[in-house]
Each structure stands twice: as C-alpha cells, then as structure tokens.
Amino acid sequence: MRRSAITFAATCALVAATLTVARPALAAVPYEDPSLPVATRVEDLLSRMTLDEKIGQMTQAERASITPAEVTQYKIGSILSGGGSAPSPNTATGWADMVDRFQNGALATPLRIPLIYGSDAVHGHNNLAGATIFPHNIGLGATRDPALVQQVGAATAEEVQGSGVDWTFSPCLCVARNDRWGRTYESFGEKPELPVQMATIIDGYQGKGVLATAKHYVGDGGTTGGVDQGDTQLSEAELRAVHLPPFTEAVRRNVASVMVSYSSWNGQKLHGNDYLITTVLKGELGFKGFVVSDWNGIDQIEGGTGFTASEVRRAVNAGIDMVMVPTEWKSFITTLRAEVQAGRVTTARIDDANRRILTKKFEYGLFEKPLADRTFTPTVGSAAHRAVARQAVRESQVLLKNTGNVLPLAKNGGRYFVAGKSADNIGNQSGGWTISWQGASGQTTTGTTILQGIRAAAPGSTVQYNATGAGIDGSYTAAIAVIGETPYAEGQGDRPGSLGLDATDLQALNTLKASGVPVVVVLVSGRPLDIAAQLPDWRALLAAWLPGTEGAGVADVLFGDHNPSGKLPVTWMQTASQEPINDGDGKTPLFPFGFGLTYTGTVESPGQPGTPVASAVTSTSATLTWTAPASGSTPTGYRVYRDSTLLTTVTGLSYQLTGLTPGTTTRYTVVAVDAAGRTGSASAAVTVTTPGTVESPGQPGTPVVSAVTSTSATLTWTAPTSGSTPTGYRVYRDSTLLTTVTGLSYQLTGLTPGTTTRYTVVAVDAAGRTGPASAAATVTTPGGTDPTATCAVTYTASEWGGGGFGGAVTIRNTGGTPLSAWTLAFTFPGNQRVTQGWSATWSQTGAAVTARNESWNGALPAGGTVSIGFNGSYTGTNPRPTAFTVNGATCTVS
Ligand code: BGC
Ligand code: BGC
C-alpha cells in the first residue's frame, strides 16, 4: 500500500494537501474530498450508509473463506490472513495481487469504501516466504534498545506495505508473568516497563503507514499457571499496575487498534467486558482507534461451540468495533442485523464502531490510495532489512556464563565442533509464527543459520558440524552446542510439566562432554529453560532466544564482533517448580532479571553517538552533526541511516544531506563503527522537516512565565519569524494539549502548589498545518497545601518472605475539583526501602517517600482513582505507614 514515509500525526494536513494535487476535482461527494477534515468526511459517509453497510464495516473474514465477489455483495470492511494463511505463490507480488483483488471487490460497492487487510507481522512479515524474520519480542526486550526496536518496526512495515497489507496484529504488549505460558516469547519482558519502552515499535510501523495493534487487552500474560487463554486472577489494582501500563503507552503513541484478549479476568472473558473495554480503554485511557476481537474470540464469552446471538450482542455492546469471524462471517452479519433490529444493540453503538474504523481508513489514506503501492515490494528480505535484523540479533544475545573467558572465540587458528539440533535450522531459530502458524523445523524460509554464521565469522578456523555430536574428539578448541526448543505458538507451547531440555539435546550434550572439550551452549528458546542441572558442565552459556533468519548475529557475539550487551528481560528459574518467578518476588533465581555479562579486556564495541542535530535546513538539504560516543572502542567511522536504510558511512562527525524532498519529514540515526568493524548502538533519532511548497508555520518564541501564584501563572510568547501565518496556538503541558488560543498569551489556572510543570506552544495555520513546538517553559508554583486536594488512600503490603514485599497504593480524589498533578507523600514507620516503583516517579529520603504522577496519569478527575505500586525490602518488622498526603493535604486512610 499506499502511504509514504510520514510522521503521521504531524503531517495529516500535509498529506491531504499533497493528495489534492494528485487527484484534482475527482470528489463527487464530500467524503471523497481529501481536503476536508477527516471528521467531516466520516460524518458525511456515515450519513449515506445503510445498516448493512455499517455491519459490513464491522466484519472481518479470513481470506480463504471469502471471495472478492462476496466482499462486494456483503460490503465487507476487513479481511485477514490467519497464521500461515498465504496466497499462492507466496511472494510479495502474489500477496499484493491477492489484496488488490479483494480491494477491487470492496471498491465495486456503491459507496466504494476500501477494505483494510490485516496479518500477523509479529517478528517481520512472518507469513510471507522470503521476508526478513526478526527476533521474537523476548529477544527485542533483551536489547533494551527502543530506537533499534523502532527501526525493526519500520523495516517490517516496508515489507508489509510491499505486499499490499495495511495492518499488522502487532505488537503483543503482554507482560509474561509465568514462563510456562506458550506465548512468553511474544512478550518484551516480565515487567511492564519493558513493553512500555518497546512500544516504540508502534511508531516504527505507523510512521511507515501500517496500522499497528496493541494486543492482547488485557492481562493475557498474567493467567494462573501461565495457561494460554486462561484466567488472570488479580485485584484491579494489580491488573492496572502490571498489565495496563503498556496499553496506556500505546494509546499515548496513538496506536490505531487494540485486540481483545482471549483470557478472562477473575472468571469473566475479556471479550464481554464492557468495563475494561469501554470504561477503561476508551473512556479513561482515551483510546480513539478501533477495538478488534481475537480469532473466534466472541465464541468463548459463554463457553459453548460457535457464537450465539447473546455473545454477539455482549461483544458489540462491550465495545468491540470490528469482529474477527474468520469463517462464520455470514451468520455473524445476520445475527448482528437481527440484534440491531430488535433494539438490543443500539444504532448509536453501531455508528460509534463505524466512526472509529472509518476514521482510521481516512487517516491512513486508504480512500485515496486503496491499491497496493509496489514501491516497497523489492525491499522484502532486502540486505538493508537483514542488516537491521542482524543488529537486533546481536544486541539481543544475553551472555549468562563465561568461565575462564572461553568466549569470545578466536577467528583464526581455532578448531570448533558445532552440534545440536538448532545449529543448522532456520525453522528452529525462527520459532512459531514463521511461514506457518505453529512454525516448523527445517529450511522453512530464506536466511542464515547459526552454523552458517559461525563458518562465515571464522574463515581462518576449522569448523566441523554434526547435529548429534558424532565424530567429536579431544582435538577441538571448543564445542558449540546449539540446542533448545522447537517451534510452537499459542496454547500448543504451554508447558505445565517440565521446562527442561529434551532427550535429543541431553544426548548431544553427553557426547560433547565425553570428549573433554570445553562446551559453549547457545540456547535457542522462547523462554528460560530449567538447565541448572546441566549448567556446571558448560563453560559458557549464551541465551539466543528466537533470533529469526539472521543467525550471523549470534556468531557476531561468539567471535567478539559484538560485545554482548543483552540483559535478561525475564527472571531465570533455578527449577521449574519456582514458576511463576518474577523480579522482586523474593525467590532466588538462577540468573536475576537484568543479568547479562559482557566481555572484559580487549573486545569492546563503540558506544552510542550523541543525538544528531540538524542545521542549515533548506527545502532540499540539511546538515547533520553529532558527537562521538563517550565510551567504548574508538570509532573509525559512522553509518548514517534514514529510517532503516543505510545512506553512507562517513569518517567525521557530520554529514550533508542533499536531494531531500521539499515539505517532507525524514528521520536519521547514526551508528559508530570501529577498526574491527564492530558497531555500537544507534543514536537517538533526529527528525528533519524541509520547508516545501506547502508551508507550515514556524516555531513560536519560548514562552515567558509571569504572574506566578501558587495555583496560576501567565504564559506569553512571540509569533514565529518564518513560515505560514498562524491563526492560533496550541498550548501543551508536557504532551497533553490544554487548549488552542488565538492570541500570544494564555492564563494557566488550577495549578498545584509547590509543583513544577512544563509548557510548549505550537502554531497552527488556517489550513490546520502545525509547526515545530517552541522550546519549553517551566512553571514552579510556590508551595503550600493544595486547597483543592481532598483524598482517600488505600495501602496494601504483600509479604514475599525474606524481607521482600510489594506495596499497592490507590489514591482517590474525594474532592469536588479535578487535580491536574499529584504528589503522594508518606513516611515509613520501620526500616523499609522502596527498591523499585511503577506508575509514578518514586523517591525516598530517609524514611520519607514521595510518588509523583507520570505524564499519563497526572489528571485525576473528581471521584477518580489512580493505582500505583512498588517493590520494597525491610529489616525487622514491616509496619504500615499511618499518614498520607496528596499535594500536601492529609488523606483519609483505609
Ligand atoms: C491470536 C492473535 C492473532 C490472531 C490472528 C489469534 O489466535 O491470539 O494473536 O492476531 O489469532 O491470527
Ligand atoms: C490460525 C491462526 C489463529 C489460530 C487460532 C489458526 O488456524 O491460522 O491465525 O491464531 O487458528 O486458534
């Protein structure tokens, strides 16, 4: 498809204007006129739609169960490819042709509403043969590199676009709390912070015009026993503290869709839960996209086979906007129509679902460019994308043991014996959701196996291979055993029993051990395994997770081309009986969360360069300059990337960009390279916006703060000195829009005494185009008690034993006035320490603890509550704090 590389939110107006030029005077009706605001187009279209057309928009069928003619007849809004469901031939062009056939079916309806095509591109475009397969999320979580993960999303999106697909059912923002769960590898990690950080992948997808899906809402990774589609038995405070934050972050990043989880919360299926879908997600979090159900997910609400009318009604009334009914879509349409006609589903609900779906179809340009944009087709499996994947693989490797510095291995003069069922196996190293739903062992797609990577890395050494270890003798420098799990997906990967190695692996290990050669284990698995009994036999252990098609990234670490930098995204059990085991729960792990060794001594990679600065920006050129890394080996050059595409390698600290397109926004990062070809992590990105024929307003002057009282202040600023003429200014507190004013000042009221807040302004012109934000002004109000704060606090401590405990605090605003910022303060009566906190910025001085709101939960409406939590430790006893204040005001406590 369709859209070009754009930073979406900022440039909707720009896109609309460009498209007007591309398609002049074609619009016969307002909704087809791209110069009108999206909301106007949606209302116009909605006013022309029949009930059947609206129900069609809410229906998603599977490609193998529908024809293009049926798309026309039933006015279908969406089609998906299930896991492994691909056209023949399974090539990018084969896909684009198929999607276009369905799309032409949609365009043959009276209102010509384009359909939206979705597929699970969960680690690259994994249903497409020959696509670049990236590490599964657990490996990406180990990188701790959100900028790289965003590049992974951008590269994936290009391959998705190149095959005509509009929408990926990714990322899984699950917080996997029990390694027995078969979807643990789809999780970025066991603590909410990791999926929150790695939500940058949404910007990677959506910045390239592919809709993302945050899934599975909510609590999928928290089921009792780690049972897939099971029951998450948690208090609301725990659910909010552990499983909700990644979705809050996804909404903040304007994720286009959210998929509902198959799982239940305290016995109730999420697919029928209007409180969590409508009240919390759409209401409290302010989600503006559309909610899609999971594959036949509505069937499970009441538990019988297939769906009933009451399940359809429950699901739609709970707030599901698009229903994934892969095969039974005709009966879904009939059932929902009857429910609406009987008044059991309101037309208001149907209209709301349609508004949400149509808004995204307009925003993503589907009405203007419904057919596949084949510009990206040649990028599928390209060298540039495989380079991004290899970088992700090297950064995801976690070195867990390295006795006597057996690693890195020497490239020259070594004699290496490689064994193990996953050494030469693209299918095993890619895992589930690869070409087929469950994935499979063997040569399932194109790539580099770990063995091939080893051979390429050590041309000056002897590399002997036998999967079982047969033929090894004492003459080798080291044996490399590449072992672990074979592919699985969803519930088929649940392991309620043993989490140990299989008989094949144990046998190969025994053969290697008997030779007396030092054994290096590369563990290819979707989760930590129960290996404590074998570990003493191993000199080194590298957790490779499920790296995907670029096995050379594993060899990069084995041979020291990359100094291992991955850190455990999950806690590693001593024995399976410890499951669930998570950071802070007081259990003693084999390796703790965050653990990961590096090589000391000579093998060092360059550090991260400073964020590039763009200067001398003209409509076609700009200069980027950056600073050298503060640590690591000495760089001999810098690779400059536009998104994930390598532009050039330079030796200095600047680069002149030329040939830019006027009026566009592009994104650049730099990576340092040393004399040995080792690379460090990418710098943060800089965005370059060139002035174009379509001019936006310039940057307003930095706001000046005056007349500061404990609850109010005045901001004044100057108009931009360049660009189109502003007709108004948007005033932001952090990233929250407060208001739009027409003049050059704004009076802030309702501030919290004794707090510091940050403001920027953005100029908007008559066409709705916005310029860059001003520099920020900081307002610090004099302290005192906030007269508007009236509060009630609940405090619950859960004991873990051994002096560890978890604290859950809920703050309710019991006053009649909304709070726009809050700070909770209390004093520990005993010898307690907060070791880690979430959903607030926690700090402790002596016994005094404060928790200050995050940007996303600072607004506390009258009657509203916010739940936060922390992990703590203590010596002696653990008495409860008795007094709590919010913004200085004393709260009631229960
Ligand atoms: C999975 C989802 C997936 C959907 C479509 C379901 O079984 O739970 O994660 O997006 O199928 O393939
Ligand atoms: C589909 C998957 C889906 C699964 C659900 C499979 O047949 O291919 O996409 O997630 O069924 O059970």
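Counting from 1, the numbers follow the sequence of the chain as shown. Heavy atoms only: backbone and side chains are in, while hydrogens, waters and symmetry mates are out. Order of listing sets the numbers, starting from 1, for every ligand and every atom in it.
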**Asked** Taking NZ, NE, NH1 and NH2 as the nitrogens, is one of them in Arg180 or Glu579 under 4.0 Å from a carboxylate oxygen of the other?
**Response** no

**Message:** As an exercise, identify every atom of ligand 1 less than 4.0 angstrom from a heavy atom of Met259.
**Reply:** 2 (C), 10 (O)

**Message:** Regarding Asp231 and Lys269, does a basic nitrogen lie under 4.0 Å from an acidic carboxylate oxygen?
**Reply:** no

**Request:** Please round to the nearest 0.5 Å and tell me the distance separating atom CD of Glu190 and atom CZ of Arg177.
**Result:** 6.0 Å

**Request:** Pull out every atom of ligand 1 sitting under 4.0 Å from any heavy atom of His216, numbered as shown with elements.
**Result:** 2 (C), 8 (O), 9 (O)

**Prompt:** Between NE2 of His216 and OG of Ser293, what distance do you get to the nearest 0.5 Å?
**Reply:** 11.5 Å

**Request:** Using a strict 4.0 Å threshold on nitrogen-to-oxygen distance, state whether Lys208 and Asp643 make a salt bridge.
**Result:** yes

**Request:** Compute the shortest N/O to N/O distance between Glu490 and ligand 1 and return yes if it is under 3.5 Å, no if not.
**Result:** yes

**Message:** Within the structure, is a non-hydrogen atom of Tyr262 found at a distance of less than 4.0 Å from ligand 1?
**Reply:** yes

**Asked** Hey, are Gln60 and Ser78 close enough side-chain-wise for a donor-acceptor pair under 3.5 Å?
**Response** yes

**Message:** If the cut-off is 4.0 Å to any non-hydrogen atom of Asp294, which atoms of ligand 1 fall inside it?
**Reply:** 1 (C), 2 (C), 3 (C), 4 (C), 6 (C), 7 (O), 8 (O), 11 (O)

**Asked** Counting heavy atoms only, which of Asp220, Asp120, Val260 is nearest atom 10 (O) of ligand 1?
**Response** Asp120

**Message:** In this structure, does ligand 1 have an atom that sits under 4.0 Å from one of the heavy atoms of Arg183?
**Reply:** yes

**Message:** Distance check, rounded to the nearest 0.5 Å: Arg144 atom CZ versus Leu568 atom CG?
**Reply:** 7.5 Å

**Complete:** Counting from 1 in the order shown, the ligand 1 atoms closer than 4.0 Å to a non-hydrogen atom of Lys215 are 2 (C), 3 (C), 9 (O), 10 (O)

**Prompt:** If you count the atoms of ligand 1 from 1 in the order shown, which ones are under 4.0 Å from a heavy atom of Phe169?
**Reply:** 10 (O)

**Message:** Distance under 4.0 Å to a non-hydrogen atom of Trp295: what atoms of ligand 1 satisfy this?
**Reply:** 6 (C), 7 (O), 11 (O)

